[in-house]
There are 2 protein chains.
Amino acid sequence: MQPESSDQMLYSFLSGNQISGGGLCGSSSSTSSYYPLAISGIGETMAQDRALAALRNHKEAERRRRERINSHLNKLRNVLSCNSKTDKATLLAKVVQRVKELKQQTLEISESDQTLLPSETDEISVLHYGDYSNDGHIIFKASLCCDDRSDLLPDLMEILKSLHMKTLRAEMVTLGGRTRSVLVVAADKEMHGVESVHFLQNALKSLLERSSKLLMERSSGGERSKRRRALDQIIMV
Amino acid sequence: MQPESSDQMLYSFLSGNQISGGGLCGSSSSTSSYYPLAISGIGETMAQDRALAALRNHKEAERRRRERINSHLNKLRNVLSCNSKTDKATLLAKVVQRVKELKQQTLEISESDQTLLPSETDEISVLHYGDYSNDGHIIFKASLCCDDRSDLLPDLMEILKSLHMKTLRAEMVTLGGRTRSVLVVAADKEMHGVESVHFLQNALKSLLERSSKLLMERSSGGERSKRRRALDQIIMV
DNA sequence: TCGAACACGTGAAAC
DNA sequence: TGTTTCACGTGTTCG
């Protein structure tokens, strides 16, 4: 039932007889723990019993510790959908990689969410995003943040058409009477170089100026359009 | 320089002398590996040397393995910004929890992204989202997916105004000539009950039908507006 | 036979 | 004090 008890008795005797250094199986390099060495006597059994019990407690505690660690390792194998026979080291390496990936991912997403929400100040940015050299296109990412108005998106489209740019992707978020649009546009290389970034920037600036003009007209006593009034309903959450 | 070599010689002798069971310090429960037991002779040193070399290789390999594992554990301590004295077990438990959290988080985000992207089929959904009982408002989340047209958002605002609903938050994504709008709107409780969900649904339906009508008019030879043509530039990435 | 990976029991140190 | 955690060297198994 307890195959290790006899071995431990045996080991205990060995340890008492000072065989194999400090009592450790192999290496040791220990200095202390020279046992009292009561070779035979009545007190010996008591001391041996105490030591034996301590040793067994220690052994079982260590076993429980190993079980705890391995249990968590198995959980990690599950969440990473790893084979149950993947190395501990390999598994941990994958875990490190996965955690880093997930952290980076959520960081990027939260950042992109932040940039997508409208801010309180007017903003224009046009970035050179990349080239599709094979089909002769330059990609820009344009971002525009300003007061909301109903004709903003159509005006934006007109601008892009006049510049012979194609809209690959468009997102618009409206919040609290403000709006932010992010557009990914492709410009024809035969028509534009990278410097056409400035064309787009100037066009967006004129768009902002037009918005300001409209707002001033409206605020100077002119009747506000139904659309504008509808947009006024947008309030902060 | 090699403090363990003497111990290993010692152990080797012990093992050769069959002390402590199968050669393991404690437990064993082994069956095989009863060594040839050439107590003394010329062949003994060769066998001992071989065994010694094997044992040393084994020991060093095991040390390298431990170093690999602990190295990865330390990396995990860094990415989790844990104290360097956190338990292996506790650390691994935290890692499991963190990975699960991050997976859930990215899942939720990607799901919300999915619902935000336009689909190929027209869709309307209005959900009762919650109540702000203290200020007498019911919150709805309305989602609309259809072909893109420039007057969609203003029309939407008109509908909400006619229903005396306030837009708390509006998002619109346009992609490939399709658009999806998600609106969070607040309805006055004194004016509407929860059943006003149907008002909103019907209004959105009429919006969709109006879009279809416009499209049919356009496709039946009528001149397409500049805006519509501008929107045609939106292509899939 | 050899190497890689694991569980085990131990000594030592921290608290 | 005893309890807990770690590193170590070992025996064992698998490819």
Side-chain angles (χ1 to χ4, degrees), chain A residues 2-12 14-16 18-35 50-74 77 82-93, chain B residues 2-12 14-16 18-35 47 50-74 77 83-93:
Chain A
Q2 290 171 331
E4 71 273 5
S5 60
S6 61
D7 291 333
Q8 268 160 33
M9 297 257 283
L10 205 56
Y11 170 77
S12 181
L14 261 63
S15 179
Q18 289 279 352
I19 300 181
S20 99
L24 188 60
C25 317
S27 72
S28 83
S29 75
S30 84
T31 56
S32 58
S33 77
Y34 280 18
Y35 297 154
R50 264 214 327 253
L52 220 76
L55 216 56
R56 209 175 54 205
N57 285 341
H58 185 31
K59 183 171 57 171
E60 289 174 357
E62 182 64 15
R63 183 179 52 77
R64 283 193 298 270
R65 174 178 167 269
R66 280 196 302 267
E67 283 175 357
R68 246 192 346 260
I69 293 176
N70 285 331
S71 152
H72 289 137
L73 287 176
N74 284 329
R77 285 192 177 90
C82 276
N83 185 3
S84 63
K85 289 313 291 174
T86 24
D87 282 317
K88 288 181 182 178
T90 315
L91 169 68
L92 288 176
Chain B
Q2 290 172 334
E4 72 273 5
S5 60
S6 60
D7 291 335
Q8 269 163 29
M9 297 258 284
L10 206 58
Y11 170 78
S12 180
L14 260 63
S15 180
Q18 288 279 351
I19 299 181
S20 97
L24 187 61
C25 319
S27 72
S28 82
S29 76
S30 87
T31 57
S32 58
S33 77
Y34 280 22
Y35 297 155
R50 265 213 327 253
L52 221 77
L55 217 57
R56 206 176 54 208
N57 286 340
H58 185 32
K59 183 172 57 171
E60 289 174 358
E62 182 63 15
R63 183 179 51 76
R64 283 192 298 270
R65 174 178 167 269
R66 280 195 301 266
E67 283 175 357
R68 246 189 354 254
I69 293 177
N70 285 332
S71 152
H72 288 138
L73 286 176
N74 284 329
R77 285 192 176 91
N83 186 3
S84 62
K85 288 315 289 174
T86 28
D87 283 307
K88 287 182 182 179
T90 315
L91 170 67
L92 289 177

Between protein and nucleotides 1-5 of chain C, what N or O pairs are separated by less than 3.5 Å?
{"unit_1": "C:dA5", "atom_1": "OP1", "unit_2": "A:Asp87", "atom_2": "OD2", "d": "3.0"}
{"unit_1": "C:dA5", "atom_1": "OP2", "unit_2": "B:Arg68", "atom_2": "NH2", "d": "2.8"}
{"unit_1": "C:dA5", "atom_1": "O5'", "unit_2": "A:Asp87", "atom_2": "OD1", "d": "3.3"}
{"unit_1": "C:dA5", "atom_1": "O3'", "unit_2": "A:Asp87", "atom_2": "OD1", "d": "3.1"}

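In this structure, A:Asp87 CG and B:His72 NE2 are separated by 10.5 Å, a value rounded to the nearest 0.5 Å. Annotation: the span from A:Ile69 atom CD1 to B:Thr90 atom OG1 amounts to 9.0 Å, rounded to 0.5 Å.
For B:Arg68, the salt bridge (charged side-chain N to carboxylate O under 4.0 Å, His left out) criterion is met by no residue, not counting sequence neighbours.
The CD-P distance, from A:Glu67 to C:dG9, rounds to 11 Å in whole Å. In this structure, B:Arg56 atom CZ and D:dC8 atom C1' are separated by 17 Å, rounded to whole Å. With rounding to whole Å, B:Glu60 atom CD is found 12 Å from D:dG9 atom C1'. Rounded to whole Å, atom P of D:dT5 lies 18 Å from atom CD1 of B:Ile69. In this structure, the CZ atom of B:Arg77 is 10 Å from the C1' atom of D:dC6, given to the nearest Å.
No donor-acceptor pair under 3.5 Å is formed between the side chain of A:Arg77 and the backbone N or O of A:Leu91.
Listed pair A:Arg66 / D:dC6 fails the phosphate criterion, with no side-chain N or O lying under 4.0 Å from OP1 or OP2. Within the structure, every side-chain polar atom (N or O) of B:Arg63 is placed at least 4.0 Å from both OP1 and OP2 of D:dC8.
End-to-end axis angle of the helix from C:dC2-D:dG15 to C:dC15-D:dG2, using five pairs per end and rounding to 10°, comes to 0°.
Of the candidate nucleotides C:dT10, D:dC6, C:dA7, C:dA7 has the atom lying nearest to any side-chain atom of A:Asn70.
Electrostatic pairing of B:Arg65 and B:Glu62 counts as a salt bridge here, judged by a charged N lying under 4.0 Å from a carboxylate O.
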